[in-house]
Amino acid sequence: HVQLVESGGGSVQTGGSLRLSCAASNTNIRNYCTGWFRQSPGKEREGVARMDTVASNTYYHDSVKGRFTISRDDAKNTLSLEMNSLKPEDTGTYYCAAAQTIFCRDNAMEAENYLRWGQGTQVTVS
């Protein structure tokens, strides 16, 4: 099964930028529906960006459209999330996740459909 390890979190001021990376091993993530979720204390885990096996097929949560960009490097087997114009409400633990490709046909991202998760990386915006 694919294993995922996130990196790149940190603390930034409002309006700043961060780039998260997710390194995959054991299999090629391009064969999966992959995405980024975030969770803050007291809130449910929410999907913020998703990429299908066809990289041009992407989904973004309304709250991050125009600010976040998901990308994939097939040669390095990594998934990235470029986050710009960060807001305090973007604060949370960000997780990289993978699901069967059928779940990239959904109109939203349901955490229960993603079976492989990284350990998470903290993003704090103040």
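This chain uses plain numbering: 1 for the first residue, then up along the sequence.
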Please round to the nearest 0.5 Å and tell me the distance separating atom [atom1] of [X] and atom [atom2] of [Y].
{"X": "L81", "Y": "S71", "atom1": "CG", "atom2": "OG", "value": "8.0 Å"}
{"X": "K87", "Y": "R67", "atom1": "NZ", "atom2": "CZ", "value": "4.5 Å"}
{"X": "R116", "Y": "I29", "atom1": "CZ", "atom2": "CD1", "value": "14.5 Å"}
{"X": "D90", "Y": "S63", "atom1": "CG", "atom2": "OG", "value": "7.0 Å"}
{"X": "N57", "Y": "T101", "atom1": "CG", "atom2": "OG1", "value": "11.0 Å"}

Between [X] and [Y], what is the shortest heavy-atom contact and its length?
{"X": "S85", "Y": "S17", "answer": "N-OG, 4.3 Å"}
{"X": "A99", "Y": "Y114", "answer": "CB-CD2, 3.6 Å"}
{"X": "L86", "Y": "L18", "answer": "CD1-N, 3.8 Å"}

_Within a 6.0 Å radius of atom CD on Q119, are there more than 12 heavy atoms belonging to other residues, nucleotides or ligands?_
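Atom CD in Q119 is crowded, with more than 12 foreign heavy atoms closer than 6.0 Å.
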
*Mark yes when over 12 heavy atoms from residues, nucleotides or ligands other than Q13 sit less than 6.0 Å from its CD; otherwise mark no.*
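No.
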
Are the side chains of [Y] and [X] in contact, using a 4.5 Å heavy-atom criterion?
{"X": "R30", "Y": "T53", "answer": "no"}
{"X": "V64", "Y": "R38", "answer": "yes"}
{"X": "M83", "Y": "V123", "answer": "yes"}
{"X": "F103", "Y": "E110", "answer": "no"}
{"X": "N31", "Y": "V2", "answer": "no"}
{"X": "C96", "Y": "L4", "answer": "yes"}

Looking only at side chains, do [X] and [Y] share a donor and an acceptor under 3.5 Å apart?
{"X": "T69", "Y": "R19", "result": "no"}
{"X": "T78", "Y": "D73", "result": "no"}
{"X": "Q39", "Y": "T93", "result": "no"}

*Pairing residues for K65 by the side chain to side chain donor-acceptor pair (under 3.5 Å) criterion, not counting sequence neighbours*: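 In terms of side chain to side chain donor-acceptor pair (under 3.5 Å), with neighbours along the sequence ignored, K65 is linked to D62.
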
*Not counting sequence neighbours, which residues clear side chain to side chain donor-acceptor pair (under 3.5 Å) with R50? List them please.*
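Applying side chain to side chain donor-acceptor pair (under 3.5 Å) to R50 gives none.
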
*Looking at Y94, Y95, W117, which hits ring pair (Phe, Tyr, Trp, His ring centres under 6.0 Å) with F37?*
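By the ring pair (Phe, Tyr, Trp, His ring centres under 6.0 Å) criterion, F37 pairs with just one of Y94, Y95, W117: W117.
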
_Run the side chain to side chain contact (heavy atoms under 4.5 Å, CB included) test on T91 and Q122 for me, step by step, so that the C-alpha distance in whole Å, both residues' side-chain angles and the decisive distance to 0.1 Å come before the verdict._
CA-CA 8 Å; T91 294; Q122 179 66 33; 4.1 Å; yes

*Members besides L115 in its Ile/Leu/Val/Met/Phe/Trp/Tyr cluster (side-chain heavy atoms under 4.5 Å)*: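 Listed partners: none, L115 stands alone.
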
*Are M109 and M51 connected, step by step, through hydrophobic side chains (Ile, Leu, Val, Met, Phe, Trp, Tyr) whose heavy atoms are closer than 4.5 Å?*
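No; tracing contacts between hydrophobic side chains, which count when under 4.5 Å, never links both residues.
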
_With a 4.5 Å cut-off on side-chain heavy-atom distances among I, L, V, M, F, W and Y, is there a chain of contacts connecting Y32 to I70?_
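Y32 and I70: one cluster.
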
_Is the distance between the ring centroids of F68 and W36 under 6.0 Å?_
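No, they do not, as the ring centres are separated by 6.0 Å or more.
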
*Only one of L79, D52, N77 clears side chain to side chain contact (heavy atoms under 4.5 Å, CB included) with R72; which?*
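Among L79, D52, N77, the one meeting side chain to side chain contact (heavy atoms under 4.5 Å, CB included) with R72 is L79.
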
